[in-house]
Amino acid sequence: MRTFINVEDIGDLGKALAEAREIKDDRFKFQALGKNKTLMMIFFNNSLRTRLSTQKAAMNLGMNVIVLDVNAGAWKLETERGVIMDGDKSEHLLEAIPVMGCYCDMIGVRSFAGLQDRDYDYAETVLNQFIKYSGRPVFAMETATVHPLQAFADLITIEEHKTKKRPKVVLSWAPHCRALPQAVPNSFAQWMNAADVDFVITHPEGYELDPKFTGSARIEYNQMKALEGADFVYAKNWSCPGVTNPADYGKILSRDMGWTIDAAHMAVTDHGKFMHCLPVRRGLIVTDDVIESPDSLVIPEAANREISASVVIKRMLESL
Ligand SMILES: CCC[C@H](NC(C)=O)C(=O)O
Ligand SMILES: NC(=O)OP(=O)(O)O
């Protein structure tokens, strides 16, 4: 596997989930695979789970790990071409990327959407430069439009906790005080569409996600109706994806606290489990009692990030 961006990159989902179970049963089973191999993780944005779980996964597989926080210690990087670099950026990405590729065997990239230019973000401009110029296999650790390591961990978690063959999974928008990217809901929708679940997306009008990720998923603008009988409630905020109105891309269109997931929302589900990728702002996305309830899966969901990363890195090591 040379790139891990979309659900198709992992191949057969049943096989990938079986591999996840195998690794979870013995995390050090493939420790010889990574001997004398180096993972480089590059962060343009903050992280807790991705940073820790991906490094742990690489270490489980016997790898060396280098972590670069681009905005803390490295030269500030210019990402645009055709500019005169007379500002505060000392190095261009097009030199930095092949140089970084010299020091590692594979690269993980975190580079969030800027939420200013939809075309630039949805072209995955930064990620594709790493793919094109690093000469190494590259996986996304949340980039402008995708977060596949998270979505894979979410699917592993749903498979572990489902009580029905085909559970109802609801992706619900919730309010936030900042404009957040669409990467997490995009990948969650893409992976749920590929999985054997009854998938529903609910959000206020104007927040329609890009159809290349939502596919034929049912969109329900009435949140309580969407949540009826749900087995899993996946809450997440995202800013306007700019699908129905491109001029609104990256904007906050609603701050309606009626969308905050509370006990009344969970009461209409079928003993539904609560999920969120974290970090989460309590009081905006979800109430304390819901996220602290026995039906909250946010911690095992985060723990499964080590497993999803392990499968992906193992696949890349096997392809080197
Ligand atoms: C894993 C989530 C990362 C990011 N969250 C924030 C707070 O920026 C997001 O919403 O995409
Ligand atoms: N869910 C997730 O990717 O968390 P971090 O942003 O803390 O890595």
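Keep in mind that the numbers below use all heavy atoms, side chains included, and drop hydrogens, waters and symmetry copies. Just follow the structure's listing: the first ligand is 1, and inside any ligand the first atom is 1. The structure displayed is predicted, hence computed values, not measured ones. All residue numbers in this chain count up from 1 along the given sequence.
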Engineer: Do Asp270 and Lys164 sit within salt-bridge range, that is, some charged N less than 4.0 Å from a carboxylate O?
Structural biologist: yes
Engineer: When rounded to the nearest 0.5 angstrom, what distance separates CD in Glu142 from SG in Cys277?
Structural biologist: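 It is 7.5 Å, given to the nearest 0.5 Å.
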Engineer: Answer yes if the side chains of Asp210 and Tyr122 hold a donor-acceptor pair under 3.5 Å, and no otherwise.
Structural biologist: no
Engineer: Less than 4.0 angstrom from a charged side-chain N to a carboxylate O is my criterion; do Lys76 and Asp88 meet it?
Structural biologist: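 Yes, Lys76 and Asp88 are salt-bridged.
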Engineer: Looking at Lys56, Arg51, Arg49, which one forms a salt bridge (charged side-chain N to carboxylate O under 4.0 Å, His left out) with Glu306?
Structural biologist: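 By the salt bridge (charged side-chain N to carboxylate O under 4.0 Å, His left out) criterion, Glu306 pairs with just one of Lys56, Arg51, Arg49: Lys56.
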Engineer: Can Glu292 and Arg282 be counted as an ion pair, charged N to O under 4.0 angstrom?
Structural biologist: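 Judged by the 4.0 Å cut-off on N to carboxylate O distance, Glu292 and Arg282 do form a salt bridge.
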Engineer: Do Arg118 and Asp121 sit within salt-bridge range, that is, some charged N less than 4.0 Å from a carboxylate O?
Structural biologist: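 Salt bridge: no.
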Engineer: Over 60° means perpendicular and under 30° means parallel, so classify the ring planes of Phe152 and Trp191, tilted if in between.
Structural biologist: parallel
Engineer: Can you list every protein residue that has a heavy atom under 4.0 Å from any atom of ligand 2, sorted by chain and residue number?
Structural biologist: Ser47, Leu48, Arg49, Thr50, Arg110, His147, Gln150, Cys277, Leu278, Arg305
Engineer: Tell me, which residues have any heavy atom less than 4.0 Å from some atom of ligand 1?
Structural biologist: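 Residues near ligand 1: Phe112, Glu142, Leu180, Pro181, Lys236, Cys277, Leu278.
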Engineer: Compute whether any side-chain donor of one residue and acceptor of the other, for His203 and Glu208, lie under 3.5 angstrom apart.
Structural biologist: no
